[in-house]
Enquirer: 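Below is a structure I'd like to ask you about.
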Protein chains: 2
Amino acid sequence: MSANSRLTIAAHALAWIGLYQRQGHEVATSEQIATSANTNPVVIRRLLGELRRAGLVGSRRGVGAGWSLARELTSITLLDVYEAVEPGPLFAMHRATPDQECVIGYGIQPAMQGIYESIEETLRRELARVTLEDVLRDVLAAPR
Amino acid sequence: MSANSRLTIAAHALAWIGLYQRQGHEVATSEQIATSANTNPVVIRRLLGELRRAGLVGSRRGVGAGWSLARELTSITLLDVYEAVEPGPLFAMHRATPDQECVIGYGIQPAMQGIYESIEETLRRELARVTLEDVLRDVLAAPR
DNA sequence: TCTGATCGCAACTTTTATTGTTACGACTGA
DNA sequence: TCAGTCGTAACAATAAAAGTTGCGATCAGA
């Protein structure tokens, strides 16, 4: 399926900023985060831009520019991040409209939509149960 | 996210075969199913091939060739279909290995993997609660 | 034995989304 | 003014899914 790592990278960035701030720094740069995540700074800026739109982080420009958390890690859940960075639904419908003359073709989309909605709702509940604080704790618990 | 319709198309195909058999026909052709789903027969054959490997359908060749259910719709769940046609995990890790010298880069993958596993387990449980019989019922319930 | 319909499968193209890269203007404290 | 970084557009590269073409294999029935 999705082979899409946006949620992973966004969580990585938030955990990184959170830890960095706990070490006494005010802001983190996209350059630093990109190095840790082994990707390009622009990719990080794009993702953090979406998180800013969702009110999870803030950014400063000019000298001493960089990113900081707008909320405590304890109050940010994976659902917040997921909704900020994931555009579409989990499962897609047919690319082309199915044959409306066919009973199945006619009824399949409303049927699957209803089923998918309730499944996604469950997924959301699960994502909402994990905070970024949990993530950071798990990250730091990794044995060296 | 995934914009991947494999589960939808596979469910469509199974419901189609199921209904067609209830109408007294022995086998359904990939051509017929493709017409209903508005896609190419080869796409259907590929998907059904995966469902056959999972023991959900069977196929006959030669004259009177086509596809038939290997199990009742009541005994096939969306989880069976999902596992048959979806290759990878729901959420992907970093494309390139994160910086192992960094505390976050080092611990992020095991941490996220653990979190994702439990979330996917919940997703599986939800998918297992819906049978293809449920899907067909919902499809036929669509108002004309 | 021949035939027609369909599967099985490989190879290739097209489409779409994500990710990566380059470039450059905007911003701001020193 | 300057150095450092964000903001963002534009484009290239990568990857996965979906679509297409072609052809050999299969087999009931003529």
Side-chain angles (χ1 to χ4, degrees), chain A residues 1-10 12-13 17 20 25-35 37-53 57-68 70 85-98, chain B residues 1-10 12-13 17 20 25-35 37-53 57-68 70 82 84-98:
Chain A
M1 134 143 324
S2 104
N4 135 326
S5 58
R6 302 162 76 82
L7 184 58
T8 303
I9 304 292
H12 185 141
I17 300 173
Y20 197 58
H25 303 90
E26 287 222 355
V27 299
T29 69
S30 60
E31 174 76 39
Q32 296 171 312
I33 302 168
T35 299
N38 195 3
T39 180
N40 191 290
V42 177
V43 172
I44 299 297
R45 292 208 284 269
R46 275 204 291 245
L47 274 174
L48 288 179
E50 297 177 55
L51 297 183
R52 179 183 47 211
R53 234 170 286 137
V57 302
S59 68
R60 281 210 314 236
R61 304 176 71 168
V63 174
W67 304 83
S68 54
V85 303
E86 292 290 351
L90 199 53
F91 300 112
M93 285 297 136
H94 310 62
R95 233 195 239 192
T97 309
Chain B
M1 132 149 315
S2 102
N4 134 329
S5 59
R6 304 163 75 82
L7 183 58
T8 302
I9 304 292
H12 186 141
I17 300 173
Y20 197 59
H25 303 91
E26 287 223 356
V27 298
T29 69
S30 60
E31 175 76 37
Q32 295 171 311
I33 302 168
T35 298
N38 196 3
T39 181
N40 191 291
V42 177
V43 173
I44 299 296
R45 292 209 284 269
R46 276 204 288 245
L47 274 174
L48 289 179
E50 298 177 53
L51 297 184
R52 179 183 46 211
R53 235 169 287 137
V57 302
S59 68
R60 281 212 311 238
R61 305 178 71 168
V63 173
W67 303 83
S68 53
Y82 178 82
V85 303
E86 291 291 351
L90 199 52
F91 301 110
M93 285 298 137
H94 310 63
R95 230 193 239 192
T97 309

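Not measured: the values here are computed from a predicted model. Per chain, numbering begins at 1; letters A, B, ... match sequence-line order.
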Enquirer: For the helix from C/dT1-D/dA30 to C/dA30-D/dT1, what angle lies between the axis at the first five pairs and the axis at the last five pairs, to 10 degrees?
Expert: 10°
Enquirer: I'd like to check the side chain to side chain contact (heavy atoms under 4.5 Å, CB included) partners of B/Ala28; sequence neighbours left out, ordered by chain and number.
Expert: B/Trp16, B/Ile17, B/Tyr20, B/Gln32, B/Ile33
Enquirer: What is the distance from CD of B/Glu86 to P of D/dA17, rounded to the nearest Å?
Expert: 7 Å
Enquirer: Rounded to whole Å, how long is the line connecting atom CD of B/Gln32 with atom P of C/dT6?
Expert: 8 Å
Enquirer: The criterion is side chain to side chain contact (heavy atoms under 4.5 Å, CB included); which residues satisfy it with B/Ala10, sequence neighbours excluded?
Expert: B/Leu51, B/Val81, B/Val85
Enquirer: In the 5'-to-3' direction, what one-character label does each nucleotide of nucleotides 21-28 of chain C receive under the scheme B = base within less than 4.0 Å of a protein heavy atom, S = sugar-phosphate only, - = no such atom?
Expert: BBB-BBBB
Enquirer: Go through the structure and list residues passing side chain to side chain donor-acceptor pair (under 3.5 Å) with B/Arg46, not counting sequence neighbours.
Expert: none
Enquirer: Looking at every non-hydrogen atom in both residues, tell me the closest pair between B/Leu48 and B/Val57 and how far apart they are.
Expert: O-CG2, 3.6 Å
Enquirer: Tell me every residue that passes salt bridge (charged side-chain N to carboxylate O under 4.0 Å, His left out) with A/Arg45, counting only those two or more places apart in sequence or in another chain.
Expert: none
Enquirer: Once you round it to whole Å, what is the distance between C1' of C/dA17 and CZ of B/Arg95?
Expert: 10 Å
Enquirer: Whole angstrom is fine here: how far is it from CG in B/Asn4 over to P in C/dT18?
Expert: 12 Å
Enquirer: Contact class for B/Gly49 vs. all strands (heavy atom < 4.0 Å): base, sugar-phosphate, or nothing?
Expert: nothing
Enquirer: Would you kindly give the CE-to-C1' distance between A/Met93 and D/dA18, to the nearest whole Å?
Expert: 17 Å
Enquirer: Identify, with sequence neighbours excluded, every residue that meets salt bridge (charged side-chain N to carboxylate O under 4.0 Å, His left out) alongside A/Arg60.
Expert: A/Glu26
Enquirer: If I take atom CD in residue B/Glu50 and atom C1' in nucleotide D/dA17, what distance separates them, rounded to the nearest angstrom?
Expert: 11 Å
Enquirer: Does OP1 or OP2 of D/dC6 have a side-chain N or O of A/Ser30 closer than 4.0 Å?
Expert: yes
Enquirer: Hey, is the side chain of B/Ser59 poking within less than 4.0 Å of OP1 or OP2 on C/dG8, counting only N and O atoms?
Expert: yes
Enquirer: Who are the side chain to side chain contact (heavy atoms under 4.5 Å, CB included) partners of B/Arg61, not counting sequence neighbours?
Expert: none
Enquirer: Can you name the nearest heavy-atom pair linking B/Gly64 to B/Val27, along with the distance?
Expert: O-CG2, 3.7 Å
Enquirer: Pairs of donor and acceptor atoms involving the side chains of residues 90-98 of chain A, under 3.5 Å and at least two apart or interchain, shall be tabulated with distances.
Expert:
unit_1, atom_1, unit_2, atom_2, d
A/His94, ND1, A/Gln109, NE2, 3.2
A/His94, NE2, B/His12, ND1, 2.8

Enquirer: Please check the phosphate of C/dC7 (OP1 and OP2 only) for any side-chain N or O of B/Arg60 closer than 4.0 Å.
Expert: no
Enquirer: Provide, to the nearest angstrom, the distance between the CG atom belonging to B/Leu7 and the C1' atom belonging to D/dA17.
Expert: 15 Å
Enquirer: Rounding to a whole Å, what distance do you find between B/Phe91:CZ and C/dT18:P?
Expert: 13 Å
